[in-house]
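Below you'll find the structure, written out as C-alpha cells, and then a few comments.
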Amino acid sequence: MTETISINLFPTLIRYTENFLNKIQCNEIKKYILKQKDKTYTHELLTGDSKSSYYIDSYISKEIGKLKHCEEIIKNLQIKIKDYSLKSGIGKENIDINDCWFNVQQKGSQLIKHTHPNATLSGALYINVDNNSSPIYFYNPVGFLDYTYIKEYTDYTFNWFKFNPNPGDLIIWPSWLSHGSNTNINETDDRIVISFNAL
C-alpha cells in the first residue's frame, strides 16, 4: 500500500512575542500617550469614543525612543521585524518601520475588520489591555470557506483565530491579512495599542 502524506499549503506566519515590553515601559508609554489627546482624531476603523494618532503617525516611534526606559524599543522592534522577514522568506535585510501610530479605545468600542495596504509587515504592541479588552481576530484569507460544508473546525476550516494579548506583548503579521475585533466589544477604559507598518 502506498503512503499518503499531508501537505499544509500556503500557511500564514504570525509572530507572537510575550513580554516584549516590561511593566515599567508599558506604564511610561501609557502616560506619554494619554498626554497626547490633542494630537488624536476619530478614525473610521474605531467605533465609539475612541481616538487614533494615525494621521500624524511619523513622530510616534521617535518620541517613544526618548522616554526614560524605552531607548532600545525601536531597535529591538526592528530586530523582530527583520527576524519575521527572514523567517517568512520575504528576506528583506533592510526592512524598516515606515509608519507608526497609537489607538486609544474606550468602553463600548470595536475595531473594524481591515488590512494595511502599501506595507509588507504590520504589527501591534499592546500597552494597556486587560481581561475586559477586546481580543484581536485574524481572518482566514481563504474566501471559499463560506461556501463549504464544515462538520467540525480544524486548522483547515477555521474562519478566524483570536489572541487575547497581555500588556507588553507584540504581534507581527503580513499586512494583507485581515484583522479586527470581530463582534467583540471592548470593555476597558483607555485600551492602548501602538500599531506599525514596515516596508
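In this structure, the separation between CD1 on Ile29 and CG on Leu34 is 12.0 Å, given to the nearest 0.5 Å. Here the CZ-OH distance, from Phe163 to Tyr137, works out to 12.5 Å after rounding to the nearest 0.5 Å. Atoms CG and OG, on Asn182 and Ser134 in that order, are 10.5 Å from each other to the nearest 0.5 Å. The distance from atom CG of Asp189 to atom CD of Gln105, rounded to the nearest 0.5 Å, is 12.0 Å. Between the CG atom in Asn22 and the CD atom in Glu28 there is a gap of 9.5 Å [rounded to 0.5 Å]. In this structure, Cys100 SG and Leu77 CG are separated by 7.5 Å, a value rounded to the nearest 0.5 Å.
Smallest separation of non-hydrogen atoms from Asp130 and Asn132: OD1-N, 2.8 Å. Taking both residues in full, the closest heavy atoms of Gly91 and Leu86 are given as CA-CD2, 4.0 Å, listed atom of the first, atom of the second, then distance. In terms of heavy atoms, Lys162 sits closest to Asn164 at CE-OD1, 3.9 Å. Nearest heavy atoms, Lys39 versus Tyr41: O-CE1, 3.7 Å.
With hydrogens and angles ignored, the 3.5 Å screen pairs a side-chain donor or acceptor of Thr154 with a backbone N or O of Tyr156. For the pair Gln106 (side chain) and Asn186 (backbone), a donor-acceptor distance under 3.5 Å is absent. The backbone N or O of Pro135 sits nowhere less than 3.5 Å from a side-chain atom of Asn184 that would complete a donor-acceptor pair. Not a single donor-acceptor pair under 3.5 Å links the side chain of Ser133 to the backbone N or O of Thr188. Although no hydrogens or angles enter the test, the distance criterion places no donor-acceptor pair under 3.5 Å between the side chain of Asn103 and the main chain of Val193. Thr157 places no side-chain N or O within 3.5 Å of a backbone atom of Leu145 that could act as its donor or acceptor partner. A donor-acceptor distance shorter than 3.5 angstrom exists from the side chain of Ser53 to the backbone of Phe102, with no hydrogens or angles considered. Using a distance-only test at 3.5 Å, with no hydrogens or angles considered, no donor-acceptor pair links the side chain of Gln78 to the main chain of Lys75.
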Which donor-acceptor pairs under 3.5 Å do the side chains of residues 168-181 make with protein atoms, sequence neighbours left out?
{"residue": "Asp169", "atom": "OD1", "partner": "Asn19", "partner atom": "N", "Å": "2.9"}
{"residue": "Asp169", "atom": "OD2", "partner": "Tyr16", "partner atom": "OH", "Å": "2.7"}
{"residue": "Asp169", "atom": "OD2", "partner": "Asn166", "partner atom": "N", "Å": "2.9"}
{"residue": "Ser175", "atom": "OG", "partner": "Thr120", "partner atom": "O", "Å": "3.3"}
{"residue": "Ser175", "atom": "OG", "partner": "Leu121", "partner atom": "N", "Å": "3.1"}
{"residue": "Ser175", "atom": "OG", "partner": "Leu121", "partner atom": "O", "Å": "3.2"}
{"residue": "Ser175", "atom": "OG", "partner": "Ser122", "partner atom": "N", "Å": "3.4"}
{"residue": "Ser175", "atom": "OG", "partner": "Ser122", "partner atom": "OG", "Å": "2.8"}
{"residue": "His179", "atom": "ND1", "partner": "His114", "partner atom": "O", "Å": "3.3"}
{"residue": "His179", "atom": "ND1", "partner": "Leu177", "partner atom": "O", "Å": "3.1"}
{"residue": "His179", "atom": "NE2", "partner": "His114", "partner atom": "NE2", "Å": "3.1"}
{"residue": "His179", "atom": "NE2", "partner": "His116", "partner atom": "NE2", "Å": "3.2"}
{"residue": "Ser181", "atom": "OG", "partner": "Leu111", "partner atom": "N", "Å": "2.8"}
{"residue": "Ser181", "atom": "OG", "partner": "Leu111", "partner atom": "O", "Å": "3.2"}

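For Thr42 and Lys51, the side-chain atoms include at least one donor-acceptor pair closer than 3.5 Å. Side-chain contact of Tyr153 with Asn159: a donor-acceptor pair under 3.5 Å is absent, judged by distance alone.
No continuous path of ILVMFWY side-chain contacts below 4.5 Å connects Val129 to Leu45, so the two sit in separate hydrophobic clusters. In the hydrophobic cluster analysis, where Ile, Leu, Val, Met, Phe, Trp and Tyr join through side-chain heavy atoms closer than 4.5 angstrom, Ile97 is grouped together with Tyr54. Ile127 is connected to Leu67 through a chain of hydrophobic side-chain contacts under 4.5 Å among Ile, Leu, Val, Met, Phe, Trp and Tyr, so both are in one cluster. The cluster map of Ile, Leu, Val, Met, Phe, Trp and Tyr, joined by side-chain heavy atoms under 4.5 Å apart, puts Phe138 and Phe158 in different clusters. When the side chains of ILVMFWY residues are joined at heavy-atom separations under 4.5 Å, either directly or via intervening members, Phe20 and Ile14 end up in two distinct hydrophobic clusters.
Leu46 has its side chain out of reach of Ser109: every pair of non-hydrogen atoms, C-beta onward, lies at least 4.5 Å apart. Counting heavy atoms from C-beta outward, Gln110 and Ile185 have side chains that approach closer than 4.5 Å. Looking at Cys70 and Gln25, their side chains come closer than 4.5 Å, going by heavy atoms from C-beta outward. Side-chain atoms of Tyr126 and Ile136, non-hydrogen and from C-beta on, do get closer than 4.5 Å to each other.
In Lys80, the NZ atom is not crowded: 12 or fewer heavy atoms of neighbouring residues, nucleotides or ligands sit closer than 6.0 Å.
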Test log, rule side chain to side chain donor-acceptor pair (under 3.5 Å), inputs Asn197 and Asp99: CA-CA 6 Å; Asn197 291 326; Asp99 60 353; 3.1 Å; yes
Pair Ile194-Ile33, side chain to side chain contact (heavy atoms under 4.5 Å, CB included): steps then yes or no: CA-CA 10 Å; Ile194 294 174; Ile33 286 176; 4.0 Å; yes
Worked check of side chain to side chain contact (heavy atoms under 4.5 Å, CB included) between Ile81 and Phe196: CA-CA 11 Å; Ile81 290 168; Phe196 60 87; 3.7 Å; yes
Chi angles and distances behind the side chain to side chain contact (heavy atoms under 4.5 Å, CB included) call for Leu125, Leu21: CA-CA 8 Å; Leu125 260 173; Leu21 301 177; 3.8 Å; yes
